[in-house]
Amino acid sequence: MMEIVRRIIAEALGEMMVSVPERIEVEVPRDEALGDLSTPVAMSLSKQLRRPPRKIAEEIIANMKAGGDFEKIEVAGPGFINFTLKKESLYRSLSGLLRGGKALLAAKDIGKGRKILLEFVSANPTGPLHLGHGRGAALGAALANLLSAAGFRVTKEYYINDAGRQMSLLGESVFSKYQELLGASYPFPEDGYRGAYVEDIAKKIAREESDKYRGLEFAPPQSSFFSGYACRQMLAQIKADLAAFGVTFDTWQSEKELYDRHEVEKALEYLRGKGFIYENEGATWFKATQFGDEKDRVIIKNDGKYTYFASDIAYHKKKVDGGYDELIDIWGADHHGYIPRVKAALESLGYEKERLKVLLVQMVSLLRGGRPVQMSKRAGEFISLRDVMEEVGADTTKFMFLTRKADSHLDFDLEVAKAASAENPVYYVQYAYARINSILRHAVEKGFCVSDAEGETECAEADLVALAEPEELRLIKKVLLYPAVFEAAVHAREPHRITFYLQELAGLFHPYYNRHRIVTEDSRLTLARIALSRAARLVLRDGLQMLGVAAPERM
RNA sequence: GCGCCUGUAGCUCAGUUGGAUAGAGCAACUGCCUUCUAAGCAGUGGGUCAGGGGUUCGAAUCCCUUCAGGCGCGCCA
């Protein structure tokens with residue numbers, strides 16, 4: 001619908017010998033009395049053409065070949081051009097949607113096969129996933145769904161920080177617990193990991209290896225055994241948690257592997273060859289300032305060890321070398337200071353900064369009944385993603401995360417999320433879906449032919465003219481808006497737009513249901529209403545699927 | 001001190017990338033189940049878009065500034 005408006009406006013502007021703006025804005029007016037679609041284009045052109053907006057709007061209308069889709073096209077307010085669609089046009093579009101089914105929902109191939117590497121979660125395997133990781137996971141998975149459906153080729157990747165000091169610290173923490181279990185003792189590292197999971201891993205090692213390492217020092221080879229073992233354990237748990245959350249990855253990139261395969265060295269050699277690396281005060285530096293960062297960054301410390309940034313350069317080099325047209329990283333907001341240096345690295349490697357888009361996910365505060373849940377990282381006491389999933393369910397958790405844009409703080413209240421009531425927006429949307437299914441089951445019982453396999457196509461043939469109630473027209477328009485919302489969500493990389501749209505759609509279906517019966521004695525009317533219900537169901541299902549949230553047949 | 005993010009109804013948040021009289025849910029109050037799911041619906045009240053200045057036909061949205069909150073600013077990850 002929006003496309004049609006854009007096209008005829010562009011044509012009219014062509015007639016008027018006016019250069020067509022890159023993007024003709026089309027929106028849905030706030031007040032439905034104003035029309036179905038609206039464009040402020042005349043106002044935007046006013047300055048350039050040095051004429052009053054209303055005048056321009058009138059000229060556009062005069063030069064427009066509108067075709068038969070519109071009931072009314074008029075100038076309103078300061079210079080909007082408002083379009084009111086003919087009902088027949090709505091019916092035609094609806095029927096087209098039903099006939100095309102899922103394929104039509106995101107028919108526009110936005111991605112055109114472009115390759116995107118989407119890296120998210122990437123939590124260090126030094127402890128269980130917490131809520132913040134969950135938010136990143138929900139966002140990443142939903143975004144991947146959207147981008148894939150929009151025609152991008154998306155690879156979901158998890159970067160494993162399995163090298164360096166943190167890993168060693170985890171190993172040492174386990175090592176200490178292990179000694180304790182066997183009656184020996186080894187000092188617990190100062191800033192070691194204290195969660196119960198550390199002890200669990202120690203117990204497991206004690207069970208499998210008995211007292212083989214009893215009384216030893218934390219040094220090779222046993223140190224790498226403990227670190228490696230602990231890492232594998234944690235990673236397995238992380239994978240299991242993500243799977244339970246309904247989030248999967250295509251590839252798992254190990255940091256350690258980048259070192260083992262000398263990719264870090266090679267990347268640095270490459271930069272050295274280009275003159276972006278220098279030595280100073282015993283350390284090796286990257287000239288980040290040359291690419292817009294505030295200061296140069298150390299990549300090899302004066303003790304000879306690499307910094308985290310060194311492997312990150314190699315990692316991002318590997319990403320772009322993989323032939324990806326676009327890189328998307330989802331990070332916790334506390335890493336935002338890191339963006340300029342990674343972009344600098346990318347640029348120094350010969351790629352445009354724009355190729356990397358970093359989405360920041362703000363922190364999640366966990367509440368219970370409005371009061372903050374105390375968490376102490378030091379004592380290893382915190383509520384993990386798994387705890388929350390077990391308490392409120394994966395679907396609700398995901399939906400909650402996706403009802404806010406990534407870049408705003410999120411209060412996650414366990415009591416609210418757990419409430420199986422109106423307070424909980426997930427149910428509102430799912431309930432609409434389940435309700436439609438219930439109605440359709442009822443319709444089948446009443447003898448209306450609505451087989452599930454071919455139902456949509458069949459409904460496309462229904463006589464939709466019977467749909468004349470205001471609630472019905474409103475619902476049709478909202479359903480038909482889905483592709484535009486979808487496109488906007490893809491374009492902005494913002495899955496939460498889908499969430500809001502689904503709430504609005506459900507918010508139109510529920511009152512419709514309450515005021516009008518779908519299944520009546522009038523079979524022509526009934527078939528039309530079934531068709532509309534099925535269209536709504538189609539969109540609800542697709543949207544929920546994008547969010548990675550279940551669409552239950554009954555509740 | 002510098003940088004980034006946030007500030008919208010009592011609470012939690014949207015706001016179609018600068019458009020019309022700023023929206024939704026919750027909470028509060030009043031009604032609706034012998035008929036397709038009441039996890040639902042109908043109605044009522046609720047605003048200095050943190051404050052100030054600027055840009056222009058037009059600002060919650062862009063710029064400057066003040067205030068408040070969060071996060072960053074390591075040869076940590």
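Throughout, protein chains are lettered first and strands after them, A, B, ... in sequence-line order, and every chain is numbered starting at 1.
With rC36(B), rC5(B), rG3(B) as the candidates, the nucleotide lying closest to the side chain of His442(A) is rC36(B). You'll find that the side chain of Arg30(A) is closest to rA20(B), out of rA20(B), rC13(B), rG40(B). For Glu25(A), whose side chain is taken as the heavy atoms from C-beta onward, the closest listed nucleotide among rG70(B), rG19(B), rC75(B) is rG19(B). Considering only the side chain of Met555(A), rA39(B) comes nearest among rA39(B), rA14(B), rU12(B). In this structure, the nucleotide among rG40(B), rA42(B), rA20(B) sitting nearest to the side chain of Pro511(A) is rA42(B). The side chain of Glu281(A) lies closest to rC75(B) when the candidates are rC41(B), rC75(B), rU16(B). Comparing atom distances between the His496(A) side chain and each of rC57(B), rG15(B), rA77(B) picks out rG15(B) as nearest. Relative to the side chain of Ser44(A), the nucleotides rC36(B), rC76(B), rG19(B) differ in distance, and rG19(B) lies closest. Among the nucleotides rA20(B), rC13(B), rG19(B), the one closest to the side chain of Pro29(A) is rA20(B). Relative to the side chain of Arg435(A), the nucleotides rC13(B), rG40(B), rC75(B) differ in distance, and rG40(B) lies closest.
Between Thr126(A) and Gln166(A), the side chains place no donor N or O within less than 3.5 Å of an acceptor N or O (distance only, hydrogens not considered). Residues Glu255(A) and Asn161(A) have side chains that bring a donor and an acceptor to within less than 3.5 angstrom of each other.
Where Trp285(A) and Gln362(A) meet RNA chain B, the nucleotide closest to each residue was compared, and Gln362(A) sits on the side nearer the 5' end. Comparing Lys47(A) and Ala283(A) along RNA chain B, the residue whose closest nucleotide (by nearest heavy atom) sits nearer the 5' end is Lys47(A).
No more than 12 heavy atoms of other residues, nucleotides or ligands sit less than 6.0 Å from atom NZ of Lys446(A). Environment of NE2 in His516(A): crowded, with over 12 heavy atoms of neighbouring residues, nucleotides or ligands closer than 6.0 Å. Around atom CD of Glu279(A), more than 12 heavy atoms belonging to other residues, nucleotides or ligands sit under 6.0 Å away.
Nucleotide rC41(B) has rG31(B) as its partner under the Watson-Crick or G-U criteria, with both atom distances under 3.5 Å. A 3.5 Å limit on both hydrogen-bonding distances identifies rG10(B) as the Watson-Crick or G-U partner of rC26(B). rG47(B) is unpaired under the criterion used here, namely a Watson-Crick or G-U wobble arrangement in which both key atom distances are under 3.5 Å. rA60(B) is unpaired under the Watson-Crick or G-U wobble criterion, no partner having all donor-acceptor distances under 3.5 Å. The partner of rU17(B) cannot be assigned: no Watson-Crick or G-U wobble pair with both contacts below 3.5 Å exists in any strand. Across every strand in view, rG1(B) sits in a pair with rC73(B) that passes the Watson-Crick or G-U test at under 3.5 angstrom.
The distance from atom CD1 of Ile498(A) to atom P of rA14(B) is 16 Å, rounded to the nearest whole Å. At whole-Å resolution of the value, CD1 in Ile339(A) and P in rC5(B) are 9 Å apart. rG74(B) atom P lies 23 Å from atom OH of Tyr306(A), rounded to whole Å. Look at OH on Tyr513(A): it is 10 Å from C1' on rC41(B), rounded to the nearest Å. Distance His336(A) NE2 to rC73(B) C1': 8 Å, rounded to the nearest Å. Rounding to whole angstrom units, CZ of residue Arg517(A) and C1' of rG40(B) are separated by 15 Å. In this structure, Asp334(A) places its CG atom 20 Å from P of rG69(B), rounding to the nearest Å. Atom CZ of Arg493(A) and atom P of rU16(B) are 18 Å apart (whole Å).
Using a 4.0 Å heavy-atom distance criterion, Val426(A) is classed as making no nucleic acid contact. If you check every strand for non-hydrogen atoms under 4.0 Å, Asn161(A) touches nothing. Using a 4.0 Å heavy-atom criterion, one finds that Ile299(A) contacts no nucleic acid atom at all. In this structure, Ser46(A) reaches neither bases nor backbone, as no heavy-atom distance under 4.0 Å exists between it and the strands shown. If you check every strand for non-hydrogen atoms under 4.0 Å, Arg515(A) touches sugar and phosphate atoms only. Residue-level contact check: Ala432(A) touches neither bases nor backbone, having no heavy atom under 4.0 Å from any strand. Within the nucleic acid shown, Phe500(A) comes within 4.0 Å of sugar-phosphate atoms alone, with no base atom in reach, counting heavy atoms only. Nucleic acid contact class of Ala488(A) (heavy atoms, under 4.0 Å, all strands): none.
OP1 and OP2 of rA77(B) both lie 4.0 Å or more from every side-chain N or O belonging to Tyr308(A). For rG74(B), the OP1/OP2 oxygens have a side-chain nitrogen or oxygen of Lys295(A) closer than 4.0 Å. Put simply, Tyr338(A) has no side-chain N or O that comes within less than 4.0 Å of OP1 or OP2 on rG74(B). A sub-4.0 Å separation between OP1 or OP2 of rG15(B) and a side-chain N or O of Lys405(A) is present. Not one side-chain nitrogen or oxygen of Thr499(A) sits closer than 4.0 Å to the OP1 or OP2 atom of rA14(B).
Comparing the same atom, C1', in rA68(B) and in rU21(B) gives a spacing of 31 Å after rounding to whole Å. For the P atom pair drawn from rA24(B) and rC32(B), the interatomic distance equals 24 Å after rounding to whole Å. Nucleotides rC67(B) and rC76(B) are separated by 35 Å at their P atoms, to the nearest Å. The gap from the P atom of rA20(B) to that of rC62(B) amounts to 16 Å, rounded to the nearest Å. Nucleotides rG52(B) and rU61(B) place their P atoms 12 Å apart, quoted to the nearest Å. rC64(B) and rC2(B) have their P atoms separated by 14 Å, given to the nearest Å. On the C1' atoms, rC49(B) is 13 Å away from rA14(B), given to the nearest whole Å. Rounded to whole Å, the separation between the C1' atoms of rG1(B) and rG19(B) comes to 40 Å.
For the atom pair CD of Glu32(A) and CZ of Arg474(A), the computed distance is 4.5 Å after rounding to the nearest 0.5 Å. Between the CD atom of Glu27(A) and the OG atom of Ser38(A) there is a distance of 5.0 Å, given to the nearest 0.5 Å.
Residue-to-nucleotide contacts include a donor-acceptor pair under 3.5 Å from the side chain of Asn82(A) to the base of rA20(B). At a cut-off of 3.5 angstrom, counting only N and O atoms as typed in the model, there is a donor on one side and an acceptor on the other between the side-chain of Ser38(A) and the base of rA20(B).
Lys319(A) has no carboxylate O lying under 4.0 Å from a charged side-chain N of Glu157(A), or vice versa, which leaves the two without a salt bridge.
No cation-pi contact links Arg541(A) to Tyr433(A), judged by a cut-off of 6.0 Å to the six-membered ring centre and 45° from its axis.
Annotation: His510(A) is in aromatic contact with Tyr428(A) [ring centroid separation under 6.0 Å].
Stacking here means ring centres nearer than 5.5 Å and ring planes tilted less than 30 degrees, and by that measure His335(A) stacks onto rA77(B).
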